[in-house]
**Q** 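Take a look at the following structure, please.
Just so it is clear: chains get the letters A, B, ... in the order the sequence lines come, proteins before strands, and each one is counted from 1.
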Number of protein chains: 2
Amino acid sequence: MTTSKSEVAYALVSERIVNGAYSPGYRLVLGTIADELGCSVVPVREAIRRLEAEGLVHFTRNVGATVAQVDSTLYLHTMQTLAVIEPAATALAASAMDEAWLAKAQDLNDQMRQCLEAFDPVAFTELNNEFHQQLYSQCPNPHILDLVQRGWRRLAAMRASSFTHIPHRARQSVEEHQHLLELIRVHASPREIEEAARAHRTNTLNAYLAQANMDPSVI
Amino acid sequence: MTTSKSEVAYALVSERIVNGAYSPGYRLVLGTIADELGCSVVPVREAIRRLEAEGLVHFTRNVGATVAQVDSTLYLHTMQTLAVIEPAATALAASAMDEAWLAKAQDLNDQMRQCLEAFDPVAFTELNNEFHQQLYSQCPNPHILDLVQRGWRRLAAMRASSFTHIPHRARQSVEEHQHLLELIRVHASPREIEEAARAHRTNTLNAYLAQANMDPSVI
DNA sequence: GCACACTAGATCGTATACGATTTGATGTAC
DNA sequence: GTACATCAAATCGTATACGATCTAGTGTGC
């Protein structure tokens with residue numbers, strides 16, 4: 001056995017939460033998952049407590065675990081956290097962004113632009129995830145990288161439950177990506193890159209707030 | 001029983017790592033800790049895996065856990081992470097900083113100043129921790145708050161192993177705290193507060209780099 | 001003397017079992 | 001009909017046990 005059962009359990013439950021198979025509020029019963037995996041409850045329990053630490057599940061002693069409920073406040077808090085960390089990760093990664101990197105990022109954004117013409121929001125969302133992953137992928141600080149990845153996983157879990165959709169924001173998003181790529185191409189300072197990345201995330205957050213008719217002060 | 005045994009185990013091991021009783025590299029043997037706590041290995045194992053997720057312990061399958069080794073790179077990565085998150089947390093907390101809050105923060109910084117006169121580095125460090133905790137304590141975003149607290153716990157664990165000491169930086173630190181408090185007192189914008197807090201953290205980081213004769217580019 | 005195979009002890013990983021706790025339903029008093 | 005006590009089913013928390021795996025030490029061939 002090369003991977004432990006608790007790892008398998010973690011991967012399974014994690015994947016199902018992130019892709020939406022387990023919706024927010026879904027009750028995670030240890031015995032049920034253990035039966036499905038053909039193992040005992042101990043490794044399942046361990047996996048679930050790890051997911052709790054990540055914020056993907058809510059856990060109550062002697063009661064059990066459920067997939068974390070998503071409300072607008074939680075969504076905004078997650079967006080806000082990413083708005084802090086992703087720009088920093090991007091700026092730190094800047095020095096590692098070479099021509100090959102730029103070409104791939106540019107290609108992803110070009111594909112996103114095509115999705116706009118083709119009215120394909122599903123592919124657009126997928127490409128957007130990839131683009132952002134590309135942005136921070138070269139971050140040399142593993143702690144910061146880990147935080148960004150966890151944040152995006154949470155965001156993915158929330159979006160899988162079709163909680164958000166801001167269609168009219170898509171086109172502006174592509175342009176902001178492009179602006180960011182130009183800054184990287186001309187070797188702008190890390191600070192400039194960070195600011196541009198933060199502006200991008202803040203704009204997305206504000207677009208959501210506006211759509212939901214929420215006051216920016218709620219966060 | 002009001003708290004579970006895994007919570008007790010987590011609290012015990014965590015405390016010992018943070019206060020330095022368990023030094024980096026210390027071998028955490030499940031059975032030994034279980035015996036000491038008078039419980040079985042299962043809850044201890046759970047506690048240790050949680051500490052692993054926090055980055056305080058290093059864990060290898062089928063081999064066991066050790067307290068995370070601290071090297072300068074790890075230390076710098078942790079400092080860098082805090083340099084991103086703590087200023088954001090402070091800026092977000094700004095609106096909740098009232099007169100009572102200011103009075104307490106000012107008092108802490110005044111005590112730090114007195115420690116300088118009295119040449120009491122131990123008390124100074126303790127007060128510094130309290131001051132920073134006060135800075136981000138009112139942060140309304142629980143995710144960001146959690147990240148800052150974890151970062152400081154890691155830093156505390158590293159410092160407990162007397163890895164760092166930058167005496168000549170102390171006085172400047174107090175002045176930077178004071179500057180930050182003035183900005184808060186006059187209700188400066190969140191952005192200004194964030195920038196000042198970040199400058200403070202960046203200066204601390206650079207002071208360490210200079211003392212260690214390291215090039216800032218190492219990070 | 002060095003490299004490699006082997007063995008024994010230590011330690012981990014997880015199955016099983018059972019007591020503890022919670023929850024929701026049922027029954028009873030008012 | 002409402003409030004509260006009671007009880008049973010579901011589920012969790014952890015002790016115990018044992019097989020699996022790693023590590024270090026020993027021995028053997030060269």
Side-chain angles (χ1 to χ4, degrees), chain A residues 1-17 21-71 146 157, chain B residues 1-17 21-71 146 157:
Chain A
M1 192 190 327
T2 173
T3 58
S4 71
K5 300 196 175 182
S6 75
E7 296 294 334
V8 174
Y10 175 84
L12 177 88
V13 179
S14 171
E15 165 65 16
R16 289 189 179 174
I17 292 174
Y22 289 161
S23 302
Y26 183 88
R27 181 78 187 280
L28 298 167
V29 178
L30 298 184
T32 306
I33 297 171
D35 289 346
E36 186 177 357
L37 279 165
C39 71
S40 75
V41 297
V42 179
V44 176
R45 179 184 161 82
E46 180 176 306
I48 284 181
R49 302 259 359 205
R50 274 213 282 159
L51 289 165
E52 184 206 8
E54 261 188 76
L56 288 178
V57 316
H58 178 76
F59 189 89
T60 311
R61 175 170 158 69
N62 283 324
V63 174
T66 55
V67 177
Q69 288 286 358
V70 181
D71 61 11
D146 184 53
Chain B
M1 193 192 322
T2 173
T3 57
S4 72
K5 299 195 175 181
S6 76
E7 296 295 333
V8 174
Y10 175 84
L12 177 89
V13 179
S14 171
E15 165 65 17
R16 288 188 179 174
I17 293 175
Y22 289 160
S23 302
Y26 182 88
R27 180 78 189 280
L28 299 168
V29 178
L30 297 185
T32 307
I33 297 171
D35 288 347
E36 185 177 359
L37 279 164
C39 72
S40 75
V41 296
V42 179
V44 175
R45 179 183 161 82
E46 181 174 307
I48 284 180
R49 302 271 341 216
R50 274 213 282 159
L51 289 164
E52 184 205 10
E54 262 188 76
L56 289 177
V57 317
H58 178 75
F59 189 90
T60 310
R61 175 170 159 71
N62 284 324
V63 175
T66 55
V67 177
Q69 288 286 357
V70 181
D71 61 11
D146 185 51

**Q** If I take atom CZ in residue A:Arg61 and atom C1' in nucleotide C:dT21, what distance separates them, rounded to the nearest angstrom?
**A**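 In whole Å, C:dT21 C1' and A:Arg61 CZ are 8 Å from each other.
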**Q** Across the strands shown, which category fits A:Leu28 at heavy-atom distances under 4.0 angstrom: base, sugar-phosphate, nothing?
**A** sugar-phosphate
**Q** Under 4.5 Å between any side-chain heavy atoms of A:Val8 and A:Thr3, yes or no?
**A**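 Yes, side chains in contact.
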**Q** Rounded to whole Å, how long is the line connecting atom CG of A:Asp35 with atom C1' of D:dT11?
**A**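 Atom-to-atom, A:Asp35 to D:dT11, this comes out as 13 Å.
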**Q** Using a 4.0 Å heavy-atom cut-off, does A:Arg27 contact any base of the nucleic acid, only the sugar-phosphate backbone, or nothing at all?
**A** sugar-phosphate
**Q** Given atom CD1 of B:Ile33 and atom C1' of D:dA15, what is their separation to the nearest angstrom?
**A**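 Going from B:Ile33 (CD1) to D:dA15 (C1'), I get 18 Å.
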**Q** Run the salt-bridge test on A:Arg50 and B:Glu46 with the 4.0 Å N-O cut-off and return the result as yes or no.
**A** no
**Q** Report which part of the nucleic acid A:Val63 touches: base, sugar-phosphate, or nothing (heavy-atom distance under 4.0 Å, all strands).
**A** sugar-phosphate
**Q** Starting at atom CG of B:Leu30, determine the distance to atom P of D:dC22, rounded to an integer number of angstrom.
**A** 16 Å
**Q** Of the nucleotides D:dC12, C:dT22, D:dC22, which one has an atom closest to the side chain of A:Val29?
**A** D:dC12
**Q** Expressed as a whole number of angstroms, how long is the span from A:Phe59:CZ to D:dC12:P?
**A**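 Roughly 8 Å, once rounded to whole Å.
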**Q** Which nucleotide in the list C:dC12, C:dT22, D:dT14 gets nearest to the side chain of B:Ser4?
**A**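 Of C:dC12, C:dT22, D:dT14, D:dT14 is nearest to the side chain of B:Ser4.
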**Q** In this structure, how many angstroms lie between the P atom of C:dC12 and the CZ atom of B:Arg49, rounded?
**A** 12 Å
**Q** Pair up each side-chain donor or acceptor in residues 29-44 of chain B with any protein partner under 3.5 Å, not counting sequence neighbours, and list the distances.
**A**
residue	atom	partner	partner atom	Å
B:Glu36	OE1	B:Arg16	NH1	3.3
B:Glu36	OE2	B:Arg16	NH1	3.0
B:Glu36	OE2	B:Arg16	NH2	2.8

**Q** Taking the side chain from B:Ser4 and the backbone from B:Glu7, do they hold a donor-acceptor pair closer than 3.5 Å?
**A**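 Answer holds: yes.
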**Q** Separation of A:Lys5 atom NZ from D:dA20 atom C1', in whole Å?
**A** 11 Å
**Q** Please figure out whether B:Ala65 or A:Asn62 has its closest DNA chain C nucleotide nearer the 5' end.
**A** B:Ala65
